[in-house]
Colleague: 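I am attaching a structure below and will ask some questions about it afterwards.
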Amino acid sequence: MSALISIRSLGKTYRRGNQPVPVLLGIDLEIAAGDYVSLMGPSGSGKSTLLNLIAGIDKPSSGTLLIDGVDIAALPENDLAAWRAANVGFVFQFYNLMPVLNAFENVELPLLLTPLGKAERRDHVETALAMVGLADRMDHYPNELSGGQQQRVAIARALITDPTLIVADEPTGDLDRQSADDVLNLLDRLNGELGKTIVMVTHDPKCAARARRLVHLEKGVLIDGGGEGH
Amino acid sequence: MKTGLSFSYVARNLYARKLTTVLTAAGMALVVFVFATVLMMAEGLRHTLGGTGSDSNVVIIRQGSQTEVQSTITREQANMVESLPGLATSPEGRARISREVLVLVNMPRKGSGGLANVVVRGTTANGLEMRPQARIVSGRQFRPGSSEIIVGSAMARGNVGLRIGDSIAFGMRNWDVVGVFDAGSSGFDSEIWGDGEQMMQAFRRQAFSSLVVGLRDEGSYTGFVEALMRQPQIKADVKRERQFYADQSEKLANFIGILGKTITIIFSVGAIIGAMITMYASVANRTREIGTLRALGFRRGNIVMAFIQEAALLGFVAGAAGLFAASFMQMIEISTTNVQTFSEVVFRLVMTPGIAFQVLLFSMFMGILGGVLPALQASRLEIVDALRSA
């Protein structure tokens, strides 16, 4: 499989006051299309920062980051936003649903940035919600859903635009075991059946074990699992 | 079609914070109420005085005198005007001209105390016929050559409160109120009418105050004015009757308008700050939500628009509430001195579609002004920082 994500000597440095704080140092990593990667590491290892860079919501300080051949760090802001809308699905630890929108409208949200008409959007949303097993909860608001259900709505939102890449930041971090398993089973299906490339940050080894490949970071350096994937 | 964030998302965010929204909107609505009331007051005055008189009548006063009360027209001048072309004639062939005398009479205001300067108009049979809008609503018409008077409906109703059967003293005589007339809520309703010649004698006047002339048709106005201006015996100001009274509302209406707008602007600063605090709180409470929207691909511009729409909607809600409250002010009748004529005028507050539109626009503008900075702040957040916020 060809590399979907190609990372070379990637560095990220934050500034705290006048003090530069390096978070990522010279990361080299390739992730093939259709791969399922867990980024692991202790707090402060830089795994979330790496995920944010891959997702195009943060900019690297040095090195190159190509996704499907696109140098996303070089894209102007609005182009980058359009790129994210078309290519990346997000799954967050705390689901990040809009509390004033019901499940249907939350899933529909990314489609408001596409040229799809209302009827087409409805078809897409209904299919996505059926896939995550929530076809009967479309009218429910986030506060009327359990954590597991909210995360499934968020996953439906992540796949609604049919992106190539899904990034998940501690997707089970706020869930009980059963709900976490449901969510992980769902991610397995997205990867196995729909061929989505998934990059997931987690500290939970059980969760990480679901991925096809583990990548370990410590203090901003890749210590295991880097280079070309299998 | 790319729609960006839906209006329903915007509206529901406002609804989700019901208490804050209601309190902020209430503060803004108070300002809207004041603004609307002031506009309604100025409009009511214009409406009342602008509705006085007709376009087919012409009022002639001495040049520079500005009001009928300060004007004098001699009998010779009156006779000369009567001979000019363009005048309507009665079935008996007499020219339609009314020689009128106006006097301001102090009358006690009931309740509030103090004195009101009431216009007493001495008119003629012609004068009554040329103002068919003034109809007797109770009692009867005054008899020519007597000390009888009829009072306008506002004088019968309002602070002065004259009744049929009352006898009032002015001009060294007692005058008997025999009827009440209504002139369609116009300025005439704030006047007292009686026989012109009787008033001349009572007040020992040699000259009239004004001439009211009926035109043959509205088009003969220009010809009549030109003919009048060519007469060397008279230097006069001439206006169509409707315009003459409408102009008398301008000073007071403008004064009310300027005072009201000044107060409104000062109050609105408070309301805008209120809206701003509310919108900043809205941004602060939804930082993670904003980060999420940006991550999903919404642009900074989408975020700015969403918050500005939210602020504008807040303003609209406040405007509608303030307008609703102000609409009840139409039941209020104000009796005051017209600073331009020093005479008592009674008018009712009037709401018009124009006022409603202006007030809603103003209220939305207040909301938007309050929303701009918070909206910009929301859009400037870095996605990563916003997502990390609790």
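By convention in this document, chain letters (A, B, ...) are assigned in the order of the sequence lines, proteins followed by strands, and residues within each chain are numbered from 1.
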Colleague: Assess whether side chain to side chain contact (heavy atoms under 4.5 Å, CB included) is satisfied between A/Asn96 and B/Arg288, documenting all intermediate values.
Modeller: CA-CA 7 Å; A/Asn96 290 20; B/Arg288 194 143 59 95; 2.6 Å; yes
Colleague: Could you give the distance from CG (B/Leu296) to CE (A/Met98), rounded to the nearest 0.5 Å?
Modeller: 6.0 Å
Colleague: Is any side-chain heavy atom of A/Asp169 less than 4.5 Å from a side-chain heavy atom of B/Leu387?
Modeller: no
Colleague: Got a second to check how far B/Tyr9's OH is from A/Leu101's CG, nearest 0.5 Å?
Modeller: 7.0 Å
Colleague: Relative to chain B, which segment of A/Asp58 carries a heavy atom at a distance below 4.5 Å: side chain, backbone, both, or neither?
Modeller: both
Colleague: Can you pull out the residues in residues 11-47 of chain B with any heavy atom less than 4.5 Å from chain A?
Modeller: B/Arg12, B/Asn13, B/Ala16
Colleague: Is the number of heavy atoms from other residues, nucleotides or ligands within 6.0 Å of OH (A/Tyr14) greater than 12?
Modeller: yes
Colleague: Would you mind reporting whether B/Arg286 and A/Pro99 have side-chain heavy atoms less than 4.5 Å apart?
Modeller: no
Colleague: So for A/Tyr141, is it side chain, backbone, both, or neither that comes closer than 4.5 Å to the heavy atoms of chain B?
Modeller: side chain
Colleague: Heavy-atom distance under 4.5 Å between the side chains of B/Leu293 and A/Leu109, does that happen here?
Modeller: yes
Colleague: Among residues 69-93 of chain A, which residues come closer than 4.5 Å to chain B, judged by heavy atom distances?
Modeller: A/Glu77, A/Asn78, A/Ala81, A/Arg84, A/Ala85, A/Phe90, A/Phe92
Colleague: Nearest 0.5 angstrom please: A/Leu113 CG to B/Leu5 CG, how far?
Modeller: 7.5 Å
